[in-house]
Amino acid sequence: METTTTIGVSIAVPEPYGRLLQERRAGFGDPAAYGIPTHVTLLPPTEVGCTELPPLRRHLAQVAAEGRSFPMRLRGTDTFRPLSPVVYVRLAEGAGGCAELQEKVRSGPVARELQFPYHPHVTVAHGIAEAAMDRAQRELADFTADWTATGFALYEQGGDGVWRKMREYPFGKEPPAVPHQHPTPAPRETTLH
């Protein structure tokens, strides 16, 4: 019997913004806040067989090797309500880069359809009381953050519900297939005097 695991691929929101948004999410009463690093999703939670992980890792390394850094800017809030009980911080810049990247990520060995059309965002409240969702949307309305996306990461959800980083994939760098070897210098010719 093959064992399975739940994985996801995302762009982390860097510090100090990531921790600040995680703490705010917890403060709004979202019980999942400390189990989910602050991120922009590229591949949503997906159950895979453990034997699928090596080809997935190779695929992600190739996607990253072909990727290039791009600017990310978060500005203000919005919601998916009533369709989905989510309040999020909007991507004012970088949405196009994320959309292109997630298509490449999802084209690999764990290709999957999405439940909703792709809309890159940073969740700050999910599935909590309406009043708390309203508060999150109101209190983070002036939130701003700017950084450069230089890669993405593969995460795995543990049995405790906590998401942990398995590996980072920086853009423009392909991991070597074999350890780098230095060429052996050619022997020098010596002459006797």
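Side-chain atoms of T77 come within 3.5 Å of backbone N or O of Q137 as a donor-acceptor pair. Within the 3.5 Å criterion, the main-chain N or O of D30 finds no donor-acceptor partner in the side chain of H126. No donor-acceptor pair closer than 3.5 Å links the side chain of Q22 to the backbone N or O of T38. A donor-acceptor pair under 3.5 Å is absent between the side-chain atoms of S107 and the main chain of V105, judged by distance alone.
In this structure, OH in Y169 is found 14.5 Å from CD1 in I11, a value given to the nearest 0.5 Å. A distance of 6.0 Å separates OG1 in T6 from CH2 in W163, rounded to the nearest 0.5 Å. Rounding to the nearest 0.5 Å places CD1 of I7 at 9.0 Å from CD of E52. Atom CG in L91 sits 10.5 Å away from atom CZ in R73 (nearest 0.5 Å). Annotation: the span from T79 atom OG1 to M133 atom CE amounts to 5.0 Å, rounded to 0.5 Å. Separating the NE2 atom in H121 from the CG atom in L74 is a distance of 11.5 Å, to the nearest 0.5 Å.
Counting all heavy atoms, side chain and backbone alike, A92 lies closest to R75 at CB-CG, 3.6 Å. Heavy-atom minimum distance, G172 versus R68: CA-NH1, 3.5 Å. Of all heavy-atom pairs between E93 and P71, the closest is OE2-CG, 3.2 Å. Residues A136 and A125 approach most closely at CB-CB, 4.0 Å, considering heavy atoms. Contact record, A132 with I128: CB-CD1, 3.6 Å, taken as the closest heavy-atom pair.
Side-chain contact between P120 and Q102: absent, with no pair of heavy atoms (C-beta onward) separated by less than 4.5 Å. Residues V40 and M72 meet the side-chain proximity criterion, which asks for heavy atoms closer than 4.5 Å. With a 4.5 Å cut-off on side-chain heavy atoms, H39 and T123 do not count as touching. Considering only heavy atoms from C-beta on, P109 comes within 4.5 Å of H59 through its side chain. Within the 4.5 Å cutoff, no side-chain heavy atoms of L101 are placed close to those of C98. Looking at heavy atoms from C-beta onward, L154 lies in side-chain contact with L56 at the 4.5 angstrom threshold. Annotation: side chain of F152 is not in contact with side chain of S10 (no heavy-atom distance under 4.5 Å). Between F28 and L140 there is a side-chain heavy-atom pair separated by less than 4.5 Å.
Using a 4.0 Å cut-off between charged nitrogen and carboxylate oxygen, D134 and R81 count as a salt-bridge pair. Taking 4.0 Å as the cut-off between side-chain N and carboxylate O, E103 and R106 do not count as a salt-bridged pair. A salt bridge is defined here as a Lys NZ or Arg NE, NH1 or NH2 lying under 4.0 Å from an Asp or Glu carboxylate O, and D142 with R138 fails to meet this definition.
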Walk me through whether T5 and E156 qualify under side chain to side chain donor-acceptor pair (under 3.5 Å). CA-CA 7 Å; T5 189; E156 179 179 35; 2.5 Å; yes

Trace of the side-chain contact (heavy atoms from CB on, under 4.5 Å) decision for L42 with K104: CA-CA 9 Å; L42 298 175; K104 291 177 181 176; over 6 Å; no

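No continuous path of hydrophobic side-chain contacts links Y118 to V86 [ILVMFWY only; heavy atoms under 4.5 Å]. Cluster annotation: Y155 and V162 are assigned to distinct hydrophobic clusters (Ile/Leu/Val/Met/Phe/Trp/Tyr, side-chain heavy-atom contacts under 4.5 Å, transitive). Under the 4.5 Å side-chain heavy-atom criterion for Ile, Leu, Val, Met, Phe, Trp and Tyr, Y88 and L43 are members of distinct hydrophobic clusters. Criterion: ILVMFWY side-chain heavy atoms under 4.5 Å apart, direct or through other members. Under it, Y34 and V89 are not part of a common hydrophobic cluster.
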List, one per line, each side-chain donor-acceptor pair under 3.5 Å for residues 13-21, sequence neighbours excluded.
unit_1	atom_1	unit_2	atom_2	d
E15	OE1	R19	N	3.0

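Within 6.0 Å of atom CD in E23, more than 12 heavy atoms from other residues, nucleotides or ligands are found, so the atom counts as buried in its surroundings.
Checked against the 6.0 Å centroid criterion, the rings of F80 and H119 qualify as a close aromatic pair.
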